[in-house]
**Q** 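Quick one: structure below, then a few questions.
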Number of protein chains: 2
Amino acid sequence: MVDQIDAMDRKILGELQRDASQSLDEIARKVGSSKTPVWNRIRKMKEGGVIGQQTVILDPESLGLEACFFVLVRTNAHEAGWQEKFLKVLQKRPEVLEAHRLAGEIDYILKVRVKNARAYDEFYQALIKEVTIYNVTALLSMEEIKSTTELPL
Amino acid sequence: MVDQIDAMDRKILGELQRDASQSLDEIARKVGSSKTPVWNRIRKMKEGGVIGQQTVILDPESLGLEACFFVLVRTNAHEAGWQEKFLKVLQKRPEVLEAHRLAGEIDYILKVRVKNARAYDEFYQALIKEVTIYNVTALLSMEEIKSTTELPL
DNA sequence: CTTGAAACAGTTGCGGT
DNA sequence: ACCGCAACTGTTTCAAG
């Protein structure tokens, strides 16, 4: 699927990432094509899973979510089923916006959005109650310098 | 602005986050209202900055962006203008998807999306060439367990 | 809040290159 | 085979009650 994506596709993706509310005509004009071919390309990329969810970015502050933590998780007890349980808890918790399994000493990193430090502690307590964790370091974000969902094309 | 957001607004935001391609009628039906009032609420929340960019989520793998790093940055030389320069570099670089200024020992965390480890090294070399950095730790993501732009409402 | 109408955009089929 | 045209259908936008 990767190789099938040509320069025209990338231009379209760029426009969609930037502003998905644009009309087909507008996008077509910008990429130097017209409605139908652009529509067909978009359809194929949706089918192929290149284009996923269409969404709006909300302002966390406006919604009272004023704290953001990056959580570094170390585990040494790799019992059978532990990871499965851990993943299930992360999926369930809406304040966990991202979770990655890492290479190296730190096993996982989480990005957690909450109302305040107190809400983070509640999350943390709930987490360690459900799964045993060897070591946790929480990094508190003071300022979001940059935040984008736009991938480099 | 925060207090003005009521339960109905939150329901609408939930639907928009989940799928911004839905028609107004569909959203109105789901939240138990009708077209015009829903439209007016959305308009107000756009004006108020609660609702930001409308976008599509692209699949990084399909676009050949197979590596994701979290970069922990420590700096001790806080010369005048250093931070400004650092921010400018981060803004300029499209592979930097997120950047936060932190409380504590680690000063910044970055999330960087690139083609492969080689591309990360190129980014790293370019970064330290432009600004002096005391210490850098790169955490390589092996697996994206969870990734969402949907905030908890 | 509801109705409704005018402008606009998405979707599909057809003919041309 | 793909593109662009154009008609049709559905959606957004907004005014009036």
Side-chain angles (χ1 to χ4, degrees), chain A residues 1-64 148-153, chain B residues 1-64 148-153:
Chain A
M1 186 80 212
V2 178
D3 323 298
Q4 307 173 38
I5 297 172
D6 63 11
M8 176 61 78
D9 286 328
R10 284 182 190 264
K11 279 203 229 173
I12 295 168
L13 291 174
E15 286 303 321
L16 282 177
Q17 286 200 112
R18 206 175 52 72
D19 179 5
S21 74
Q22 291 174 99
S23 74
L24 278 175
D25 278 326
E26 222 167 334
I27 295 169
R29 192 177 46 73
K30 284 185 187 162
V31 303
S33 181
S34 68
K35 231 160 69 157
T36 312
V38 170
W39 189 79
N40 280 317
R41 282 165 182 270
I42 291 173
R43 193 175 45 76
K44 268 180 205 142
M45 290 193 285
K46 279 183 179 162
E47 281 167 11
V50 179
I51 299 175
Q53 191 189 26
Q54 180 162 341
T55 189
V56 293
I57 305 302
L58 303 184
D59 175 40
E61 310 280 326
S62 300
L63 293 161
T148 183
T149 58
E150 294 182 40
L151 302 178
L153 306 169
Chain B
M1 186 81 213
V2 179
D3 325 297
Q4 307 174 36
I5 297 172
D6 63 11
M8 177 60 78
D9 286 328
R10 285 181 191 264
K11 280 202 228 173
I12 294 168
L13 292 174
E15 287 302 322
L16 283 177
Q17 285 199 115
R18 205 175 52 72
D19 178 6
S21 73
Q22 293 175 98
S23 74
L24 277 176
D25 276 327
E26 222 167 335
I27 295 170
R29 192 178 45 75
K30 285 184 187 162
V31 303
S33 180
S34 64
K35 232 160 59 161
T36 312
V38 170
W39 188 77
N40 280 317
R41 281 164 183 270
I42 291 174
R43 193 175 45 75
K44 267 180 206 141
M45 289 192 285
K46 279 185 179 162
E47 281 168 12
V50 179
I51 298 174
Q53 192 189 25
Q54 181 164 341
T55 189
V56 293
I57 305 303
L58 304 182
D59 175 40
E61 310 279 326
S62 301
L63 293 161
T148 183
T149 59
E150 295 182 39
L151 302 177
L153 306 169

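Note: hydrogens, waters and symmetry copies are ignored here, and every other heavy atom, side chains too, is used.
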**Q** Just jot down the side chain to side chain contact (heavy atoms under 4.5 Å, CB included) partners of A/Lys11, sequence neighbours excluded, or say none.
**A** A/Val31
**Q** Hey, can you pull the donor-acceptor pairs under 3.5 Å for the side chains in residues 45-53 of chain B, sequence neighbours left out?
**A**
residue : atom : partner  : partner atom : Å
B/Glu47 : OE2  : B/Arg43  : NH1          : 3.2
B/Gln53 : NE2  : A/Gln17  : O            : 3.3
B/Gln53 : NE2  : A/Arg18  : O            : 3.1
B/Gln53 : NE2  : A/Glu150 : OE2          : 2.8

**Q** Could you pull out all residues at least two apart from A/Asp59 that satisfy side-chain hydrogen bond (donor to acceptor under 3.5 Å, both in side chains)?
**A** A/Ser62
**Q** To the nearest Å, give me how far apart CZ (A/Arg43) and P (C/dG13) are.
**A** 11 Å
**Q** Please give, in whole Å, the distance from D/dG4 C1' to A/Leu24 CG?
**A** 14 Å
**Q** C/dG10 C1' sits how many Å from A/Lys46 NZ, rounded?
**A** 10 Å
**Q** Return the set of residues passing side chain to side chain contact (heavy atoms under 4.5 Å, CB included) with B/Thr36 (not counting sequence neighbours), or none when no residue passes.
**A** B/Asn40
**Q** What is the separation between atom CD1 on A/Ile42 and atom C1' on C/dG10, rounded to the nearest whole Å?
**A** 11 Å
**Q** Tell me the interatomic distance from A/Ile12, atom CD1, to D/dC3, atom C1', rounded to whole angstroms.
**A** 13 Å
**Q** Evaluate the side-chain proximity of B/Ile42 to B/Leu24: yes if any heavy-atom separation is below 4.5 Å, no if none is.
**A** yes
**Q** Enumerate the side-chain hydrogen bond (donor to acceptor under 3.5 Å, both in side chains) contacts for residues 21-32 of chain A, please, sequence neighbours excluded, ordered by first and then second residue.
**A** A/Glu15-A/Gln22, A/Asp19-A/Ser21, A/Gln22-A/Lys30
**Q** Expressed as a whole number of angstroms, how long is the span from B/Glu47:CD to D/dC14:P?
**A** 10 Å
**Q** From CE of A/Met8 over to C1' of D/dC3, roughly how many Å is that when rounded to an integer?
**A** 11 Å
**Q** In this structure, how many angstroms lie between the C1' atom of D/dT13 and the CZ atom of B/Arg41, rounded?
**A** 18 Å
**Q** Which residues in residues 25-40 of chain A have at least one heavy atom lying under 4.0 Å from any atom of DNA chain C?
**A** A/Lys35, A/Thr36, A/Trp39
